[in-house]
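Some notes on the structure that comes next.
Below, chains carry the letters A, B, ... as their sequence lines are ordered, and counting in each starts from 1.
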Amino acid sequence: MHPVFQGLLTILIGVSGCVGYFYFSNLFLDKVLFPASGPNAGRNINRANIVRPWLFLFPALAALGLYLAYPVVETLRLSLTERLPNNQSQFVGLANYKQMMAEPKFWEALKNNMLWLLVVPAMSTVFGLLAAQLSDRVKWGNIAKSIIFMPMAISFVGAAVIWKLVYDTRPVEQDQIGVLNALYLYFGGTEPNTWLTIPFWNSFFLMAVLIWIQTGFAMVILSAALRGIPEETIEAAIVDGANPFQIFFKIKVPQIMGTIVVVWTTITIVVLKVFDIVFAMTNGQWETQVLANYMYDKMFRANDWGVGSASAMIIMLLVTPILVWNVYNARKEMR
Amino acid sequence: MDGMVGKKSSLVWAVHLSLAALVLLWLFPTAGLFVSSFRTGDQIASSGWWKSMVSSEQNLTLRSAAPTEQQEVDGKFVIEGNLFDGREASDISVWGVSSKAIADYKPGDTAELRKGGTASVQTNGDYRLEHTEAFTGKRGTRIFVTATIAPEFTTENYKNVLFNPNNREGMAKAFMNTLTVTIPATIIPILIAAFAAYALAWMDFPGRALLIAVVVGLLVVPLQLALIPLLKFHNQIGIGKGYIGAWLAHTGFGLPLAIYLLRNYMVGLPRDIIENARVDGATEFQIFTKIILPLSFPALASFAIFQFLWTWNDLLVSLVFLIDSTGETTVMTKQIVELLGTRGGNWEILATSAFVSIAVPLIVFFAMQKYLVRGLLAGSVK
């Protein structure tokens with residue numbers, strides 16, 4: 001069967017399956033299991049209302065459990081076991097972790113990830129704040145916002161191609177077609193650089209891609225927060241003779257600090273999972289390895305599930321503080 | 001209010017200029033790829049795309065027709081033709097017959113060829129080679145010209161990448177595959193999430209707060225953890241690698257955000273409407289389908305756009321759950337990564353393929369930006 005028809009069929013089955021499930025399960029509950037008539041009508045209505053939420057929740061909970069919660073546990077188990085030939089596995093304790101720690105590539109990935117964590121959220125937030133503040137003050141601000149926000153729609157792979165053209169290198173006697181080398185030579189550089197092969201600095205050229213993508217996100221959120229600042233506080237500051245910079249840094253920024261933290265942590269999560277950009281641009285060569293790509297290498301190239309799972313657990317470990325903080329905040333809000 | 005702050009005209013200018021600089025910086029990389037996708041491989045390789053907008057003076061190496069074309073006229077062997085055969089005519093300012101001296105002659109001059117004979121070239125590219133003996137060799141004589149070339153663009157790349165059935169690296173199949181992955185993976189989680197979100201927003205039951213906390217927690221769980229366990233699971237239940245696995249995975253990974261967004265939105269719906277409907281004897285199922293679902297349209301649209309962009313742009317899930325060794329089910333992102341490896345220098349192919357995959361999300365983005373922004377705000381500020 002042609003995949004397109006398979007796709008259409010799946011939509012049909014999926015949608016009608018869902019609707020059918022919800023409709024008939026509710027019907028079953030109300031008419032057969034606990035009918036709202038007869039001698040126990042009152043009690044039955046109450047009982048039905050106790051069961052009903054779980055009918056509504058069941059498909060979602062099943063999918064969440066199977067596709068997100070169970071894998072966390074299973075990955076933890078895999079990271080503590082060794083795969084044996086005949087589909088068996090053997091408990092090996094922390095051996096996978098030890099093996100991973102002994103690999104220089106792992107430390108390179110961890111170091112690079114830390115670098116990404118320091119640079120990308122900070123730069124994205126700063127650029128986003130700048131763009132939000134500036135675009136709120138000019139008439140063509142909405143167009144400016146659209147353009148800065150646009151990279152959000154572009155895939156990491158597409159962005160990788162876009163930026164590879166920016167970083168392209170031609171021999172010195174030819175015209176440069178990468179804008180970075182063209183500018184470098186125009187401003188007095190002598191030799192064109194192959195930017196992505198310069199150890200340490202090449203990580204920053206990869207980070208530029210993610211900053212370029214994430215700035216739009218930061219801008220949208222921070223722009224909304226800036227607009228939410230009560231006018232009186234700014235009026236008061238103007239009356240007191242504050243200059244625009246003081247107003248921005250002393251009045252506006254402190255009031256949107258909570259939002260800045262949210263933006264920062266959200267981008268941090270994106271950074272921890274960053275895979276496509278490195279995979280497509282350097283594939284971890286020239287000391288640009290990051291954890292997610294290291295993990296992919298281990299799992300699907302070296303077929304080493306143990307070490308692959310162990311590195312996935314490291315990513316999970318790094319995400320956990322933000323997870324806890326998010327849950328804490330969400331609960332505080334609900335109270 | 002902001003007008004008062006920005007009264008100083010120097011500051012207003014600074015704002016305009018720095019924002020313009022920022023916008024240009026953000027637009028420039030994408031524009032480069034876009035423009036490049038309309039240039040030929042030669043053009044991309046010989047000059048930066050930013051020079052393609054204006055007429056530019058370029059040094060070109062062109063060839064005369066091959067010696068097989070020569071004719072004998074009055075005892076002399078002659079090869080005639082135009083150097084820009086088949087290309088846009090350009091103005092030649094200087095030319096030469098050796099790579100070491102490319103600017104020795106003006107149009108109309110006659111040059112001595114190294115192998116004997118003479119050559120003359122006119123401004124419009126007409127040339128005439130003459131020799132008393134027959135020209136030999138397989139290929140034509142090289143002539144080096146400096147010419148002013150008018151901007152020239154072509155849609156040939158797109159024809160080749162999208163509509164050439166013989167092009168094995170074409171994007172047509174990958175485009176359909178991406179679409180096949182994306183549409184079900186966008187629609188199915190919406191429905192499942194909407195019911196769950198309603199229960200979490202408007203039904204009272206023990207453990208509700210805990211479940212919401214779990215959803216918030218699952219929002220940030222890296223999907224990297226799910227790869228091996230789920231691939232094992234898919235193999236065990238017999239669906240292996242394929243569309244079904246990809247749809248299921250995308251559904252699972254999209255659910256936390258879907259539930260979270262929709263719940264946040266549904267909680268904000270007016271309580272009166274729901275209470276009144278309950279008093280009037282509507283069942284929960286009726287309330288949901290007749291009242292909640294229509295009212296939640298903006299939130300549903302927000303999530304649909306997120307999920308669409310995410311599944312369309314995804315690489316990792318497709319790599320792991322979809323693409324098998326036959327490569328029949330390859331998606332566009334994977335195809336581009338492969339092209340980066342095999343065709344790293346052929347920018348006309350890379351740029352065009354990348355733009356084919358970027359175009360659809362960009363259209364969706366600009367058409368539905370309002371919902372996207374709304375969704376982002378609901379998803380993170382709370």
Of all pairs that satisfy salt bridge (Lys or Arg N to Asp or Glu O under 4.0 Å), the ones with a partner from residues 58-74 of chain A, not counting sequence neighbours: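 The answer is A/Glu74-A/Arg77, A/Glu74-B/Lys232.
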I'd like to know if the side chain of B/Trp26 and the backbone of A/Ile147 have a donor-acceptor N/O pair within less than 3.5 Å.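 Checking the backbone N and O of A/Ile147 against the side chain of B/Trp26, no donor-acceptor pair under 3.5 Å is found.
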Okay, side chain of A/Trp163, backbone of B/Pro29: is any donor-acceptor separation there less than 3.5 Å?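 Not at all, since once roles are kept as given, no pair shorter than 3.5 Å links the two residues.
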A/Tyr21 and B/Leu191: CA distance, side-chain angles, deciding distance, side-chain contact (heavy atoms from CB on, under 4.5 Å) verdict: CA-CA 11 Å; A/Tyr21 160 79; B/Leu191 211 58; over 6 Å; no
Rounded to the nearest 0.5 Å, what's the gap from [atom1] on [X] to [atom2] on [Y]? Could you check?
| X | Y | atom1 | atom2 | value |
| --- | --- | --- | --- | --- |
| B/Phe365 | A/Phe149 | CZ | CZ | 5.0 Å |
| B/Thr30 | A/Leu165 | OG1 | CG | 11.0 Å |
| B/Gln224 | A/Met313 | CD | CE | 13.0 Å |
| A/Leu66 | B/Leu230 | CG | CG | 6.0 Å |
| B/Leu19 | A/Ile148 | CG | CD1 | 5.5 Å |
| A/Tyr296 | B/Leu316 | OH | CG | 7.0 Å |

May I ask you to test the [X]-[Y] pair for a side-chain heavy-atom distance under 4.5 Å?
| X | Y | result |
| --- | --- | --- |
| A/Thr75 | B/Ile228 | no |
| B/Phe205 | A/Arg52 | no |
| A/Lys273 | B/Leu223 | no |

Please list, chain by chain and in numerical order, all residues satisfying salt bridge (charged side-chain N to carboxylate O under 4.0 Å, His left out) with B/Arg208, sequence neighbours excluded.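 For B/Arg208 there are no salt bridge (charged side-chain N to carboxylate O under 4.0 Å, His left out) partners, ignoring immediate neighbours.
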I'd like to verify something: which residue of A/Val19, A/Asn329, A/Leu68 has the highest number of heavy-atom pairs under 4.5 Å with chain B?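 Highest number of pairs under 4.5 Å: A/Leu68.
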Please assess A/Phe56 against B/Tyr198 for the test ring pair (Phe, Tyr, Trp, His ring centres under 6.0 Å), listing each intermediate value before the final yes or no. CA-CA 8 Å; A/Phe56 276 59; B/Tyr198 174 63; 5.7 Å; yes
Stepwise side-chain contact (heavy atoms from CB on, under 4.5 Å) test for B/Phe366 and A/Ser146: CA-CA 8 Å; B/Phe366 281 114; A/Ser146 280; 4.1 Å; yes
Below 4.5 Å from any heavy atom of chain B, which atoms of A/Val73 appear? Answer side chain, backbone, both or neither.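 Neither part, no heavy atoms under 4.5 Å.
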